[in-house]
4 protein chains.
Amino acid sequence: MRGSSRLFYLRVSSQMSTARTGVLPTRRRGRDRVAAILDAAAAVFAERGFDAATMTEIASAACTAIGSLYRFFPNKDLLADAVFSRYADSMLDTLDVLVLQAPLLGPEALAEALVASGLQQRPYRDAAVALADERNEGPLLRKALRASIRDKVGLILAAATGLPATQAARMAPMVLQAMKAAPVLLREGLDPEAVVAEARRMIACYVAGSMQPACTAAGR
Amino acid sequence: MRGSSRLFYLRVSSQMSTARTGVLPTRRRGRDRVAAILDAAAAVFAERGFDAATMTEIASAACTAIGSLYRFFPNKDLLADAVFSRYADSMLDTLDVLVLQAPLLGPEALAEALVASGLQQRPYRDAAVALADERNEGPLLRKALRASIRDKVGLILAAATGLPATQAARMAPMVLQAMKAAPVLLREGLDPEAVVAEARRMIACYVAGSMQPACTAAGR
Amino acid sequence: MRGSSRLFYLRVSSQMSTARTGVLPTRRRGRDRVAAILDAAAAVFAERGFDAATMTEIASAACTAIGSLYRFFPNKDLLADAVFSRYADSMLDTLDVLVLQAPLLGPEALAEALVASGLQQRPYRDAAVALADERNEGPLLRKALRASIRDKVGLILAAATGLPATQAARMAPMVLQAMKAAPVLLREGLDPEAVVAEARRMIACYVAGSMQPACTAAGR
Amino acid sequence: MRGSSRLFYLRVSSQMSTARTGVLPTRRRGRDRVAAILDAAAAVFAERGFDAATMTEIASAACTAIGSLYRFFPNKDLLADAVFSRYADSMLDTLDVLVLQAPLLGPEALAEALVASGLQQRPYRDAAVALADERNEGPLLRKALRASIRDKVGLILAAATGLPATQAARMAPMVLQAMKAAPVLLREGLDPEAVVAEARRMIACYVAGSMQPACTAAGR
DNA sequence: AATGAATGAGCCTTCATTCAT
DNA sequence: TATGAATGAAGGCTCATTCAT
């Protein structure tokens, strides 16, 4: 439920004066429809990217009339926000937990947890990857969520390594990129085991290295 | 000259029978024109991404008529291939050198060289990043080039670490992702020094960690 | 009651065989509902014009479900007819009275009465103005009503001026246009007093001038 | 030529930052095309009004592809502005002349000239009438032109009657409405001679009446 | 009878690509 | 060969209208 509530709250907040928010589905049927639309949108965005995805294709993938699609998601950007936010919400939840656990985790365990958090929600994570790099401007939810995730990863790194927040914040973007690498490479059809293992290892080495003055020094 | 010859060779090879190849400019003027178009295309692709870039904007940025643009690059995909390939070619050249130097390089030096190779050619590297993630299907040059680069990075890793080729090939995609991270984060406006330093450090740690049985074992 | 009965009578008569007529509300509640819808429709038509007005906005302005709106007014044109006809009906009533009074009225008094009759029914008169110019074809009530009004104004002019009916009928359309000018200019935000005064004066002068052979002659 | 130059000048001035201005046709062919489009647009706007007119219908009436239409007129509003402005420009030119002649003209001659100025440019005047009442907001050329015309009519009335400018400005809107009445009624199929004659007479009487203190007093 | 979700034709607009000049 | 006008398919989105609940 949480994702859902956050979704609609943020959607409102990300709109300017003219905001039409789309309708919260009240009936059972509407709830299902929204779910179907989100799934379809995730699939299509993942497959084609934001620009090349068409609302028509999404609608037909969701077995819905185009008008119904627009009833719930008043435009393409907001639909993408909803898809992205569904993924980001669950990731943020996971990261919230990791913030607490981080002090107890070694580099390997931490890396495993981080990579795992980026692999959740199968159809949605691929869409999120595709949506993450959009060059769109405007007050899009996606940017805000990306920033939250980055911040949270910074927190986790600080807690896990004992490094000062500034240093952790410097590392967070790279760690995030490494976390994103796994879904990206998986999508390309590489051997899943190898991909996951190497992603973990890269992060683990990076984190471990950051805790040893030697390596840190060497890096500079 | 190399980039250019490779460009047209591969372009042909990557097209089926129906391919129209675009015209090799023979005169001096044509050569300049092509260069101007490529520069303009790189700038526009970098700025907007593949889909949002328009042929018209590219033409006018190159101070060329749209018709001339199409004379040299028969369609948008091929133009993108040419832009991408100009970047990839120079990267491949750089990597060729690295293959030879690799055995002599420690992890830090190697990481520095790899990150540097991904930061060359300012306007083109951003275009390359933007074009790399396009989900286009079809027989595009970009995919082939990506694969060559990946292979070459594998070679370098093997040479530098002494690891078996299989293991190096497993690592190459992750290293490549880390190399790409630098331009990506730079484009987002993060502090350049920090970004470059961390990218190097991540790769260095990863490579170094792969040479110590301990870390390797731990990662698995 | 009169407007209502005329409304539904004419609506039927203005539709061909396929006409679905909408339901006469029998219960008290239905009567209120229809009134609320008409008010809302008048407001929205006045504000936006026929084309830009949406059935959805009208329904929600009337605090009614869209389905209920369609229950009473089977389509947008018929709804507009109903709105227009409510205004036209009251205007026809007023004009009926004027027909009797006309012989006793001087040009100024007549002009004042005519302008006043066009300013009745605040929300509806603006809607009527907006609806009057719609270029819709088809068997719409609006045209018929416009014609009745025109005829009646002709009667009034004949009675007031003593001119032959033919001449009065020639003048009626212009008088009507002058009457409509007041609401139009009011809507544009001009000074109400000035607008009303000038509208009266124009009509008064026109009528007065028509009674003086001199002016009539001069006009031709 | 004047209308044309004014057209493109004003079009630019009426656009905000994002203005794409459409292309000034350079070649002969383009000039003809633009003329054909304007004619077609005038006809369609006159026939259906702004909202109900579709760009597709206009294009096909002009025997042009929709894309060509947009090449010259980047959107519907600007196209309507161009149509309106073609009419308004010639009207303004005529009124400019009238400003000078006005002091010498009696009410009848003045009325005749005013009505005539509103009947020029057959296909365009009907479009102008249809376009004049649009409720659109935004920085449209049409509003500015309407205001200029109103001002100029005020000038003419002042010059013709010797009344103070304030009083003339009060009268101008009504005179304009009366001028517009002629095209409106003509479009409805009324007898042209009668319509024109009565329109002249109404204006003449109004103007004449305004010069006799008696009638002015009476009107108030 | 009332409700509001569902439908889909159709609108404005963009842009890759072609082709006459 | 260079130019830029012409073309039209396709995309995002709206809204009148229908119909299941």
Side-chain angles (χ1 to χ4, degrees), chain A residues 20 23 25-30 32-34 51-60 63-77 79, chain B residues 20 23 25-27 29-30 33 51-60 64-77 79, chain C residues 20 23 25-27 29-30 33 51-60 64-77 79, chain D residues 20 23 25-30 32-34 51-60 63-77 79:
Chain A
R20 271 174 308 143
V23 171
T26 52
R27 313 204 181 158
R28 180 68 200 293
R29 183 121 142 282
D32 295 347
R33 175 90 30 144
V34 165
D51 281 320
T54 77
M55 294 298 266
T56 304
E57 182 179 1
I58 291 172
S60 88
C63 299
T64 304
I66 185 73
S68 303
L69 175 49
Y70 276 90
R71 177 173 188 78
F72 296 111
F73 302 96
N75 63 51
K76 198 180 176 182
D77 258 318
L79 176 56
Chain B
R20 268 166 311 140
V23 172
T26 48
R27 321 267 175 89
R29 186 132 136 276
R33 177 78 45 114
D51 283 310
T54 75
M55 295 299 266
T56 303
E57 181 179 3
I58 290 170
S60 89
T64 304
I66 182 78
S68 303
L69 173 51
Y70 271 88
R71 174 156 201 82
F72 296 114
F73 302 95
N75 65 50
K76 197 180 177 182
D77 259 318
L79 175 56
Chain C
R20 269 166 310 138
V23 172
T26 47
R27 320 266 176 92
R29 187 131 135 274
R33 179 78 46 114
D51 282 310
T54 75
M55 295 298 267
T56 303
E57 182 179 1
I58 291 170
S60 90
T64 304
I66 183 77
S68 303
L69 174 49
Y70 272 88
R71 176 158 200 79
F72 296 114
F73 302 96
N75 65 49
K76 198 180 177 182
D77 259 320
L79 176 56
Chain D
R20 269 174 310 142
V23 171
T26 52
R27 313 202 181 159
R28 181 66 201 295
R29 181 120 143 284
D32 295 348
R33 176 88 32 140
V34 166
D51 282 317
T54 80
M55 293 299 264
T56 304
E57 181 178 2
I58 291 171
S60 88
C63 298
T64 304
I66 184 74
S68 303
L69 175 51
Y70 275 89
R71 178 172 188 78
F72 297 111
F73 302 96
N75 62 51
K76 197 180 176 182
D77 258 318
L79 175 56

Anything under 3.5 Å between a protein N or O and an N or O of nucleotides 8-10 of chain E, put it in a table, one pair a line.
{"unit_1": "E/dG8", "atom_1": "O6", "unit_2": "A/Gly67", "atom_2": "N", "d": "3.4"}

Query - Presence of A/Arg33 side-chain N/O under 4.0 Å of E/dT7 phosphate oxygens OP1/OP2 - result: yes
Query raised in the report: To the nearest Å, how far apart are D/Tyr70 OH and E/dA16 C1'?
Result: 18 Å
**Report entry** Separation of F/dC15 C1' from C/Ile58 CD1 (nearest whole Å)
**Finding:** 12 Å
Requested in this report: Between C/Thr56 and B/Thr64, just flag the one whose closest nucleotide in DNA chain F comes earlier from the 5' side.
Outcome: B/Thr64
Report summary line: note: D/Asn75, atom CG; E/dC12, atom C1'; distance rounded to Å ~ 9 Å
Query raised in the report: About how many Å separate OG of A/Ser68 and CZ of A/Arg33, when rounded to the nearest 0.5 Å?
Result: 5.0 Å
Report task. Return the minimal non-hydrogen interatomic distance between D/Lys76 and D/Asp51, and the atom names on each side. Result -> NZ-O, 3.2 Å
Report summary line: Checking F/dC13, F/dT7, F/dA6 against the side chain of D/Phe72 (C-beta onward), the nearest is F/dA6
Query - With B/Asp77 via side-chain hydrogen bond (donor to acceptor under 3.5 Å, both in side chains) - residues at least two apart - result: B/Arg142
Query raised in the report: Just how far, in rounded Å, is C1' of E/dA6 from CZ of A/Phe73?
Result: 16 Å
Requested in this report: Taking all heavy atoms of D/Asn75 and all of D/Met55, pick out the closest pair and write down the distance.
Outcome: C-CE, 4.0 Å
**Report entry** Intra- and inter-strand pairs of DNA chain E in dot-bracket (Watson-Crick or G-U wobble, both distances under 3.5 Å; | for another strand)
**Finding:** .||||||||||||||||||||
Query raised in the report: Can you name the nearest heavy-atom pair linking D/Leu69 to D/Leu79, along with the distance?
Result: CD1-CD2, 4.0 Å
Query raised in the report: In whole angstroms, how far is the P atom of F/dT14 from the CG atom of C/Asp51?
Result: 17 Å
Query raised in the report: In whole Å, what is the span from the CG atom of B/Leu79 to the P atom of E/dA16?
Result: 11 Å
Query raised in the report: In whole angstrom, what separates C/Lys76's NZ from F/dC15's P?
Result: 8 Å
**Report entry** Distance-minimising heavy-atom pair for A/Pro74 and A/Tyr70
**Finding:** O-CD2, 3.4 Å
Requested in this report: Establish, with yes or no, whether the OP1 or OP2 oxygen of E/dT18 is under 4.0 angstrom from a side-chain nitrogen or oxygen of B/Arg71.
Outcome: no
Report task. Report the residue (A/Leu69 or B/Asp77) whose heavy-atom-nearest nucleotide on DNA chain E is the more 5′ of the two. Result -> A/Leu69
Query raised in the report: Heavy atoms under 4.0 Å, any strand shown: does D/Ala53 hit a base, just sugar-phosphate, or nothing?
Result: sugar-phosphate
Report task. Whole angstrom is fine here: how far is it from CE in C/Met55 over to C1' in F/dA16? Result -> 7 Å
